[in-house]
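Here's the structure we're looking at; comments come further down.
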Amino acid sequence: MQKAGFEYFDYLPDDLSTASADREIFDSLGVKVIQSHCPFGRYEKDGLAKFRQIAPEAVKSAAILGAEFFVIHADEYRIDPDMPFDHVVKCSREYLAPVIDLCGEYGMKPAIENLFEEKDRNARTRFCSQVEDVIAVIESFPGTGIGCCWDSGHHNVSFGKELFLEKLEMLAPYIICTHLHDNFQTRDTHNPAFAGSVPWEDVMAVLKKHQYNGPLNWEFAHGIFPDEVYEAYLHLIKVSGNYLSTLL
């Protein structure tokens, strides 16, 4: 990927013990880990307990790597769709607070990622599948530098063509970093830009309007491509990013 021209990465090692060695590799290649994604345990029975165990180690690893942003899923709550919104925000703040504080100690900006309902777009079972959820969590931590990691694919699955730009306008003032990829609204397939229905030129116009100056970070699925075409695929991703950058 360095040979393809990529300079910034979203990366986190499997455990703290390898972070320093990994940092040396990135430094030797002249590239930078600009953001790290916190592991999460939502799909396990003890997801919340596991999050509390692994998140602090993840913050420390990200700090060793030199990450500027620490991406977090805030969806451990809203198991019951009838749970009052204010209560969900309160619970979310309580379990996120130690991680947000630790990010501050290490000089990193925490970034809450927008998510999506996995089975039914109209359901309300996964917190932060709605823009209002993400904003509420962010605003519950004033003065911490917290913002949103905007995931374009999740946004597209959540809102489709009808509400895409309206919801992006609401969230744009809070966006500090990104996960960019495309899909056709029905599944989170992590396609390259322009291989789906995300309105990329309109997206850049909204981000420019709100003076976004953070990274354009791709989050794509590479396993479907044979090694023989992988270099060309990376080139396509890089050229697409270069083009979008000119629109900001």
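Keep in mind that this is a model prediction, so the values were computed, not measured. Starting from 1, each residue takes its place in the sequence as its number.
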Shortest non-hydrogen contact from Pro13 toward Asp22: CB-OD2, 3.3 Å

Asn191 (side chain) donor-acceptor with Ala195 (main chain) under 3.5 angstrom: yes

Side-chain donor/acceptor of Glu117 to backbone N/O of Arg126, under 3.5 Å: yes

Under 3.5 Å donor-acceptor, His190 side chain and Glu219 backbone: yes

Closest heavy-atom pair and its distance - Val71, Glu113: CG1-OE1, 3.5 Å

Note, Phe220 side chain near Leu180 side chain (heavy atom, < 4.5 Å): no

Candidate pair Lys161 and Gln185, rule side-chain contact (heavy atoms from CB on, under 4.5 Å), full reasoning: CA-CA 8 Å; Lys161 182 178 180 180; Gln185 302 179 18; 3.9 Å; yes

Crowding at CZ, Phe6 (>12 non-hydrogen neighbours, <6.0 Å): yes

Minimal non-hydrogen separation, Asp182 against Pro192, with atom names: CB-O, 3.1 Å

Any Ser197 side-chain heavy atom under 4.5 Å of Asn156 side chain: yes

same_hphob_cluster(Trp150, Met170) at 4.5 Å side-chain heavy-atom cutoff: yes

Phe70 ring center within less than 6.0 Å of Tyr106 ring center: no

Test side-chain contact (heavy atoms from CB on, under 4.5 Å) applied to Phe164 and His155, step by step: CA-CA 7 Å; Phe164 190 103; His155 193 96; 3.6 Å; yes

Ion pair check, Glu231 and Lys3, cut-off under 4.0 Å: no

Ring-face cation contact, Phe141 with Arg93, 6.0 Å cut, 45° max: yes

Phe116/Phe159 aromatic ring centres below 6.0 Å: no

Working for salt bridge (charged side-chain N to carboxylate O under 4.0 Å, His left out), residues Glu132 and Lys167: CA-CA 9 Å; Glu132 292 83 358; Lys167 295 292 186 176; 3.1 Å; yes

Distance flag, aromatic centroids of His37 and His179, threshold under 6.0 Å: yes

Which atom of Ser36 lies closest to which atom of Val33, heavy atoms considered: OG-CG1, 3.9 Å

Heavy-atom side-chain proximity of Phe85 to Phe127 below 4.5 angstrom: yes

Ser158 side-chain N/O to Leu115 backbone N/O, donor-acceptor pair under 3.5 Å: yes

Side chain Thr189, main chain Asn183, donor-acceptor under 3.5 Å: no

Within one Ile-Leu-Val-Met-Phe-Trp-Tyr cluster: Val206 and Leu171, side-chain cutoff 4.5 Å: yes

Verdict with reasoning, Ile176 to Phe69, per side-chain contact (heavy atoms from CB on, under 4.5 Å): CA-CA 8 Å; Ile176 58 175; Phe69 307 99; 3.8 Å; yes

Check: Val131 and Asn114 side chains under 4.5 Å, non-hydrogen atoms: no

Main-chain N/O of Pro98 paired with Tyr95 side-chain donor or acceptor, under 3.5 Å: no

Nearest non-hydrogen partners of Ile146 and Ile138, listed with the distance: CG2-O, 3.5 Å

Flag, side chain of Glu7 to backbone of Val31, donor-acceptor distance under 3.5 Å: no

Within-4.5 Å side-chain heavy-atom neighbours: Phe51 and Val99: yes

Heavy-atom side-chain contact between Pro110 and Ile72 under 4.5 Å: yes

Pro39 and Leu12, any side-chain heavy atoms less than 4.5 Å apart: yes

Under 3.5 Å donor-acceptor, Asp133 side chain and Cys128 backbone: yes

Exercise: identify the closest heavy-atom pair between Pro199 and Leu165: CG-CD2, 4.4 Å

Polar side chain donor-acceptor pair, Gln35 to Tyr11, under 3.5 angstrom: no

Carboxylate-amine/guanidinium contact Lys90 Asp86, below 4.0 Å: no

Contacts table for residues 239-248: side-chain donor-acceptor under 3.5 angstrom, sequence neighbours left out:
{"unit_1": "Ser240", "atom_1": "OG", "unit_2": "Leu236", "atom_2": "O", "d": "2.8"}
{"unit_1": "Asn242", "atom_1": "OD1", "unit_2": "Lys238", "atom_2": "NZ", "d": "2.8"}
{"unit_1": "Tyr243", "atom_1": "OH", "unit_2": "Glu201", "atom_2": "OE2", "d": "3.0"}
{"unit_1": "Ser245", "atom_1": "OG", "unit_2": "Gly241", "atom_2": "O", "d": "2.8"}
{"unit_1": "Thr246", "atom_1": "OG1", "unit_2": "Tyr243", "atom_2": "O", "d": "2.5"}

Ile54 side chain reached by Lys50 side chain, heavy atoms, under 4.5 Å: yes

Stepwise side-chain contact (heavy atoms from CB on, under 4.5 Å) test for His181 and Asp151: CA-CA 8 Å; His181 49 99; Asp151 188 300; 2.8 Å; yes

